[in-house]
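To keep things clear, I will list the structure first and then write my remarks on it.
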Amino acid sequence: MTKIEIIGTGCAKCKRLFTNAEQAVKELKITAEVVKVEDIDAIVDRGVMMTPALFINGVVRAEGRIPDVNEIKKMLTE
């Protein structure tokens, strides 16, 4: 199963990225776990310098920006 992690402190941008990721999963009709990581220590441990960040299966795919639904769908199908 695909694991999508939204890394950020819970700001509006982080929430929008979370919504975009959920929408991409829904539109692709795939099974994926979409989780928020808001703990500062966990964010630092991952080396994230700019939030929000998007991790797919443990790999950073976007940092400091909000990919739109179509971009996330493309990432998920690569």
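- Rounding to the nearest 0.5 Å gives a distance of 10.5 Å between CZ of Arg61 and CD1 of Ile4.
- Between Leu54 and Val60 there is no side-chain heavy-atom pair separated by less than 4.5 Å.
- Residue Ile72 comes nearest to Asn20 through the heavy atom pair CD1-CB, 3.7 Å, listed as atom of the first residue, atom of the second, then distance.
- Grouped by direct or indirect side-chain proximity (heavy atoms under 4.5 Å, Ile/Leu/Val/Met/Phe/Trp/Tyr only), Met1 sits alone.
- Hydrophobic clustering of Ile, Leu, Val, Met, Phe, Trp and Tyr side chains at less than 4.5 Å, counting indirect connections, keeps Ile43 apart from Phe18.
- At a threshold of 4.5 Å between non-hydrogen side-chain atoms, the residues Thr9 and Glu38 do not count as touching.
- Checked by atom type and distance alone, the side chain of Glu63 pairs as donor or acceptor with a backbone atom of Met50 at under 3.5 Å.
- In terms of heavy atoms, Glu22 sits closest to Val34 at CG-CG1, 4.2 Å.
- Cluster membership check: Val35 does not share its hydrophobic cluster with Ile56, using side-chain heavy-atom separations under 4.5 Å among Ile, Leu, Val, Met, Phe, Trp and Tyr.
- When all heavy atoms are compared, the tightest approach of Val48 to Phe55 is CG2-CE1, 3.7 Å.
- The CG atom of Asp45 lies 11.0 Å from the CD1 atom of Ile40; values are rounded to the nearest 0.5 Å.
- With rounding to the nearest 0.5 angstrom, the NZ atom of Lys26 is 11.5 Å from the OG1 atom of Thr19.
- Val37 and Glu5 make their closest contact through CG2-OE2, 4.1 Å (heavy atoms, listed as atom of the first residue, atom of the second, distance).
- Rounding to the nearest 0.5 angstrom, the gap separating the NZ atom in Lys13 from the CD1 atom in Ile6 is 15.0 Å.
- Scanning for side-chain contact (heavy atoms from CB on, under 4.5 Å) contacts around Lys73 gives Ala24, Glu27, Leu28, Val69, Asn70, with sequence neighbours left out.
- The CG atom of Asp39 lies 14.5 Å from the NZ atom of Lys36; values are rounded to the nearest 0.5 Å.
- For the pair Cys14 and Gly8, the tightest heavy-atom approach, listed with the atom from each and the gap, is SG-CA, 3.4 Å.
- Of all the heavy atoms in Val25 and Leu76, the pair that sits closest is CG2-CD1, 4.2 Å.
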